[in-house]
Engineer: 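Before we start, here is the structure in question, set down as C-alpha cells.
Values below: every heavy atom of this structure, side chains too, minus hydrogens, waters and symmetry copies.
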Amino acid sequence: MIIGELQFYRDSVSSIKAYHKKVETLSDWPTWSPYDDVPNDTIVFEEQETAEIDKPHCDPLIIDLVIGDLKVGRILVDTGSTVNVIFRDTLRRMNIELGEVVPTPKPVTSFFGIKLPVMAKEVMKIVDFAVVGNPTIYNVIIGMPWINAMKAVPSTYHLGIKFPTANGIAKIWGCQKQSRLCFLTEHKLRQITTTSIVKPKRAKRTQAASEIFSTKDDTESSAQAPATDNDQIAEPKTPITAKKQLQKQPPTP
C-alpha cells in the first residue's frame, strides 16, 4: 500500500481529523432511495469476459493510457495506493523536462509532484502525479485518486476496468502477457539489486582478509630475516679454539 497526502486534506492532524469526521456526519443522512432521479450507470463484470484469461491467476491489472500526447504502457492499477505515481525514467522517455516537476514534500518519502493530462477512451482528466526516482518494473502506478475521479471499477479477476462515459460504459482490458512479463522484469531487477548489495560486502570481507594475511606475512618475514648491519653493534669475537691453539705454541728461539 502506498499512502500519501490527499487533495481532500492538508498534512496536519486537525485536517485529517476533520476529514475523518465527515464520515460520521454522513451516517445521519437518509439512505439511498431507488426512486432518486439519478442516472443509473450500472457496471457489471461477467464470467464470460474471462474466457481468454489463463486461470487461476494472480496477475496484476496492467493497462495502457494516453498521458500527455503519448501512449504509455505497463501502467499498474493499484486500488491500495492513495497517490498516482510516475517514475523519473518514464518522464525522461516521454521527453518531459524534470524542471517541470514541482517540489511538494509529502509524507511518503518526500515525493515531488507534476500535473499531466491522462486520456482513457474519450474521458480526459488532469492528474496529479508523485514523481519517484527509484527503479521499478512499471512506468506508472494509477491509484485511487484517478480511479475514483473516473468513477471506475477495476476487477483484477477479469483483468479489466470499466467506467461511465457520455456514450455508456467504457472498458479497458489489461494484457495478461504484459502482466506476466512484469514478473520476469521484477526478478531481473531483484537480481541486479541483490548483486549490487552483496558485491560490496564481499569486497570488504576480501579486503579485510587480505589485510590480515598481509600483516601476518610481514610479521613472519621480519622474524625470519637476518640481522642487518645496523643491528650488528658489537664486533665479532675471536673463536675460543683459536685462542687455545695460540697458547700451546712454544716460543720461538
Side-chain angles (χ1 to χ4, degrees), residues 1-8 41 43 45 59-156 158-186 188-189:
M1 177 180 289
I2 304 175
I3 299 177
E5 181 182 354
L6 295 177
Q7 58 182 330
F8 305 109
D41 295 323
I43 294 178
F45 287 91
D59 303 323
L61 176 53
I62 306 294
I63 64 173
D64 297 343
L65 292 173
V66 177
I67 301 178
D69 297 327
L70 300 174
K71 183 178 180 181
V72 180
R74 199 173 288 185
I75 297 176
L76 173 67
V77 178
D78 186 2
T79 57
S81 175
T82 64
V83 291
N84 305 306
V85 179
I86 192 168
F87 297 90
R88 284 183 177 271
D89 186 59
T90 305
L91 293 176
R92 290 192 187 97
R93 286 184 279 118
M94 293 174 66
N95 293 323
I96 295 178
E97 296 294 335
L98 297 181
E100 300 178 25
V101 178
V102 180
T104 53
K106 300 198 176 174
V108 191
T109 63
S110 297
F111 281 154
F112 293 89
I114 188 173
K115 293 180 181 289
L116 295 171
V118 177
M119 179 72 73
K121 297 298 184 178
E122 65 266 32
V123 181
M124 193 271 289
K125 299 286 184 182
I126 301 297
V127 179
D128 288 318
F129 285 100
V131 181
V132 179
N134 298 336
T136 181
I137 60 178
Y138 307 111
N139 291 320
V140 176
I141 297 177
I142 286 292
M144 289 190 294
W146 179 84
I147 295 171
N148 292 341
M150 293 288 294
K151 301 179 181 179
V153 179
S155 172
T156 55
H158 294 83
L159 290 180
I161 184 169
K162 298 183 180 182
F163 49 91
T165 69
N167 298 318
I169 302 300
K171 311 170 186 177
I172 298 178
W173 299 110
C175 177
Q176 193 173 31
K177 183 178 180 181
Q178 284 292 328
S179 299
R180 296 191 176 180
L181 282 176
C182 288
F183 293 135
L184 179 60
T185 306
E186 186 274 336
K188 291 180 178 179
L189 181 62

Engineer: Looking at Asp69, I'd like to know if its CG atom is crowded, meaning that more than 12 non-hydrogen atoms belonging to other residues, nucleotides or ligands lie closer than 6.0 Å.
Structural biologist: no
Engineer: Which atoms form the tightest heavy-atom contact between Met119 and Leu65, and what is the distance?
Structural biologist: O-CD2, 3.9 Å
Engineer: Between Phe45 and Trp173, what is the ring plane arrangement, given parallel below 30°, perpendicular above 60°, and tilted in between?
Structural biologist: perpendicular
Engineer: List the atom of Ile43, the atom of Lys151, and the distance in Å for their closest heavy-atom pair.
Structural biologist: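 Looking at all heavy atoms of both residues, the shortest contact is CD1-O, 4.1 Å.
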Engineer: Please assess Ile161 against Met150 for the test side-chain contact (heavy atoms from CB on, under 4.5 Å), listing each intermediate value before the final yes or no.
Structural biologist: CA-CA 10 Å; Ile161 184 169; Met150 293 288 294; over 6 Å; no
Engineer: Looking only at heavy atoms, what is the nearest atom pair of Asp64 and Ile75, with distance?
Structural biologist: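 Here Asp64 and Ile75 meet closest at C-CD1, 4.4 Å.
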Engineer: Check whether Thr156 reaches the backbone of Pro60 with its side chain - one donor and one acceptor, N or O, closer than 3.5 Å.
Structural biologist: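 No; judged by distance alone, with no hydrogens or angles, the pair does not exist.
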Engineer: Can you list everything that forms a salt bridge (Lys or Arg N to Asp or Glu O under 4.0 Å) with Arg92? Sequence neighbours excluded, please.
Structural biologist: none
Engineer: Return the OG1 to NZ distance between Thr165 and Lys121, rounded to the nearest 0.5 Å.
Structural biologist: 10.0 Å
Engineer: Which heavy atom of Ser179 sits nearest a heavy atom of Ile62, and at what distance?
Structural biologist: OG-CG1, 3.5 Å
Engineer: Can you measure from CD (Glu97) to CG (Leu91) and round to the nearest 0.5 angstrom?
Structural biologist: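 Atom-to-atom, Glu97:CD and Leu91:CG are 10.5 Å apart.
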Engineer: Which pair of non-hydrogen atoms, one from Ala120 and one from Ile172, has the smallest distance, and what is that distance?
Structural biologist: CB-CD1, 4.0 Å
Engineer: Give me the atom names and distance for the closest heavy-atom approach of Ile147 to Pro154.
Structural biologist: CG2-CD, 4.2 Å
Engineer: Could you tell me which residues satisfy side chain to side chain contact (heavy atoms under 4.5 Å, CB included) with Leu181, sequence neighbours excluded, listed by chain and number?
Structural biologist: Gln178
Engineer: Find the distance between CG (Asn84) and CD1 (Ile114) and round it off to the nearest 0.5 Å.
Structural biologist: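 Answer for the CG-CD1 pair, Asn84 versus Ile114, is 13.0 Å.
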Engineer: State the CG-SG distance between Leu76 and Cys182, to the nearest 0.5 angstrom.
Structural biologist: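 Separation between the atoms: 8.0 Å.
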Engineer: Show your working on side-chain contact (heavy atoms from CB on, under 4.5 Å) between Ile96 and Leu116 and close with a plain yes or no.
Structural biologist: CA-CA 10 Å; Ile96 295 178; Leu116 295 171; 3.9 Å; yes
Engineer: With a 3.5 Å cut-off and sequence neighbours excluded, list the donor-acceptor pairs that the side chains of residues 129-146 form with protein atoms.
Structural biologist:
residue, atom, partner, partner atom, Å
Thr136, OG1, Tyr138, N, 3.3
Asn139, OD1, Arg93, NH2, 2.8
Asn139, ND2, Gly73, O, 2.7

